[in-house]
Amino acid sequence: MHIEVRGLKKQFGDFQAVNDVSFEIEKGHLIGLLGPSGGGKTSILRMLAGLESPSSGDIIFHGKRVNDLPPQERGIGFVFQNYALFKHMTVYDNVSFGLKVKGQSKEFIRERVMSLVELTGLKGFEHRYPHQLSGGQRQRVAFARALAPEPQLLLLDEPFAAIDAKIRTELRTWLKDMIERVGITSIFVTHDQEEAIEVADEIMIINKGRLEQKGSPWEIYKNPQTQFVASFIGESTIVENIERLKGFEEAANWPGTQALIRPEYIEIGKLSEFRLPSATFQGTVKHLHFRGSEWMVEVQVGDIKLITYRSLEKDVLQPGDEVTVLIHRAYLFNDSDTWIMENRLKVDPMPIHI
Ligand SMILES: Nc1ncnc2c1ncn2[C@@H]1O[C@H](COP(=O)(O)OP(=O)(O)OP(=O)(O)O)[C@@H](O)[C@H]1O
Ligand SMILES: [Mg+2]
C-alpha cells in the first residue's frame, strides 16, 4: 500500500504531540520510525491505524483519504511491544482470531493459520498457550496474528522492546526477512538506532512531534540535516568552539553555532604515523572502553573532550598517554542548516618537480 500523510497534527489539550508531519511511503517499503521517548511515534501510528483522530491533516492510502474510515476498514495489522496476545487462547486461536471475525470458512482459516505458523517458525506450537512460550515466540505469534487477515500495512510499535538483547538481534533479522517475503508495507517504531539502521529501507527521525529527517540509513548518517539528527545517529562529540582546533580556524567566520565530530573523523596515534603532521595537535587519553571489535577512546584536548575509535591491531593505549590527534572534518550547524567543513590543513602538499 502506498501511504501519504500531509500536515498531520495531534493536539492533547494545549500540548502539540504531533506537529505538521508530512511523508510518503512507497508500497512494500519497511520504514523505521526512530526518536526519543515522548517524540510522537506511537501517536503517529495510532492515527494511521484510526485508533486516534488527527487534529488536522490528511491520511491517504492508495490515493484515498481515510481519515473518516474506522480502524477495521483500513487494512492494517498492528503489533505492540507488550505482546498483547489473548492469554486464554492457544497459538492457533490467536492467529485465527481476525479471520473468524471476518467470517471466513473453517477450511480457509485452517490453511491460512497453518501457513503463517510455518512461516513464523511456530510449527508444533499451535496448541500452546501464551504462557508456555518464550518472549520471542510470543512476538512471532503476534506477528502471525497481525498478518492473518492480509493487511496492506503493518504497524509495529517497538515489537522487541521487552526482549533481551541477543534474541532481539535474531528477531530483527528474522522480521526483515519475513517482511520482505510477504512484501507488505511496514512501519517499525524503535528507540534503538542500531535496530533501525539494520532493519529499515528508510528511517524517519521524529523529535518533539516533528519529522526531523527521512531517508535511507546511509543518507541520514552521511548528510544529517539537523543537529538533532547528527547527534542522535552515531556517536559523536559536540564542540562549542571548533575554531580553537587546528585546521578549523575558519569556522569563526561561519554562521554555524556548534560543531559535531564523529569518532571516525578523528585519528589518534604517534606523531610519526601522520603524513601531514602540520594538521595535527596533541591530546591526552582520558578513558578507554573495550567494545569487542575496537577501542573507544576519550581524548582530552584543552577543555574539549573528543571520542574516537582505535583498532585492536594498533599499540594499546593507556589513560594518561599523550597522543597526536588529527580531525579530518566536522559538521557545523545553526538552527536551519548544516555544513561539512574539511580540515583546511589536510590538503596534500604540491608535488615537487626536480
Ligand atoms: N492520550 C493522551 N493524552 C495526553 N497526552 C498524550 C496522550 N497520548 C500521548 N500523549 C503525549 O504525547 C506525546 C507523544 O507521545 P507518544 O506516545 O506518541 O510518544 P512516543 O514517541 O511513542 O514515545 P515512546 O518512545 O516513549 O513510546 C507525549 O508527551 C505523551 O505524553
Ligand atoms: Mg511509543
Side-chain angles (χ1 to χ4, degrees), residues 3-23 25 29-59 66-68 70-71 74 76-85 135 138-139 142-143 145-146 151 153-165 168-169 171-172 175 179 185-200 202-215 217 220 224-235:
I3 299 188
E4 194 180 343
V5 165
R6 284 199 215 124
L8 192 66
K9 290 189 183 178
K10 181 70 198 181
Q11 198 131 357
F12 294 110
D14 54 10
F15 179 74
Q16 195 79 44
V18 177
N19 197 351
D20 204 11
V21 166
S22 302
F23 58 85
I25 300 177
H29 271 203
L30 171 54
I31 303 294
L33 209 55
L34 183 65
S37 201
K41 303 179 296 295
T42 298
S43 303
I44 293 172
L45 289 200
R46 288 177 57 82
M47 287 189 275
L48 288 175
L51 300 170
E52 198 83 68
S53 51
S55 305
S56 61
D58 298 311
I59 299 174
V66 297
N67 285 49
D68 303 318
R74 292 193 187 192
I76 284 179
F78 216 131
V79 180
F80 302 93
Q81 60 171 271
N82 52 358
Y83 320 128
L85 294 178
R138 274 182 246 170
Q139 265 328 52
F143 183 76
R145 187 181 61 177
L153 171 64
L154 185 65
L155 303 175
L156 303 125
D157 198 353
E158 301 194 53
F160 308 138
I163 292 167
D164 69 65
R168 207 177 148 137
T169 317
L171 274 175
R172 68 191 187 217
L175 180 78
I179 285 177
T185 312
S186 308
I187 306 179
F188 177 94
V189 171
T190 174
H191 277 109
D192 181 343
Q193 47 152 310
E194 209 181 289
E195 193 161 272
I197 287 171
E198 199 178 302
V199 172
E202 276 197 303
I203 293 179
M204 295 204 283
I205 306 221
I206 308 285
N207 181 37
K208 295 187 179 152
R210 290 190 179 272
L211 175 58
E212 296 258 344
Q213 192 168 348
K214 176 174 179 281
I220 289 189
Q225 278 162 11
T226 65
Q227 182 167 343
F228 176 81
V229 171
S231 52
F232 196 72
I233 294 282
E235 281 170 86

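In listed order, ligands and their atoms are each counted from 1.
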Among all the protein's non-hydrogen atoms, which is closest to atom 26 (O) of ligand 1, and how far away is it? Ser37 OG, 2.4 Å
Between Lys10 and Ser53, which heavy-atom pair has the shortest distance, and what is it? NZ-O, 2.7 Å
What are the atoms of ligand 1, with element, lying closer than 4.0 Å to any heavy atom of Phe15? 11 (C), 12 (O), 13 (C), 29 (O)
Close N or O approach (Phe12, ligand 1; < 3.5 Å): no
Is there a polar contact between ligand 1 and Glu52, counting only N or O atoms under 3.5 Å apart? no
To the closest 0.5 Å, what do you measure between CG (Leu155) and OG (Ser186)? 8.5 Å
Considering heavy atoms of the protein only, find what lies nearest to atom 15 (O) of ligand 1 and give residue, atom and distance to 0.1 Å. Ser43 OG, 3.8 Å
Sub-4.0 Å heavy-atom approach of Gly40 to ligand 1: yes
Polar contact flag for Ala17 and ligand 1 (N/O pairs, less than 3.5 Å): no
Does any non-hydrogen side-chain atom of Leu156 lie less than 4.5 Å from one of Ile179? yes
Would you say the side chain of Pro36 lies within less than 4.5 Å of the side chain of Phe232, judging by non-hydrogen atoms? yes
Tell me, do Asn19 and Lys208 make a side-chain contact under 4.5 Å, heavy atoms counted? no
At what distance, to the nearest 0.5 angstrom, does CD of Glu195 lie from CG of Leu175? 9.0 Å
Do any nitrogen or oxygen atoms of Gly38 lie less than 3.5 angstrom from nitrogen or oxygen atoms of ligand 1? yes
Give the residue and atom name of whichever protein heavy atom lies nearest to atom 25 (O) of ligand 1, and the separation in Å to one decimal. Lys41 NZ, 2.7 Å
Counting only non-hydrogen atoms of the protein, does one fall under 4.0 Å from atom 30 (C) of ligand 1? no
Salt bridge check, Lys41 against Glu158: does any charged N sit closer than 4.0 Å to a carboxylate O? no
Check against salt bridge (charged side-chain N to carboxylate O under 4.0 Å, His left out), Glu194 and Arg172: CA-CA 11 Å; Glu194 209 181 289; Arg172 68 191 187 217; 3.3 Å; yes
Any N/O/S of Ser43 under 2.8 Å from the Mg ion (ligand 2)? no
Starting at CD of Glu4, measure out to CD1 of Ile25 and round the result to the nearest 0.5 Å. 11.0 Å
Any idea which atoms of ligand 1 are less than 4.0 Å away from a heavy-atom of Glu158? 25 (O), 27 (O)
Atom 17 (O) of ligand 1 - nearest protein heavy atom and its distance: Thr42 CB, 3.6 Å
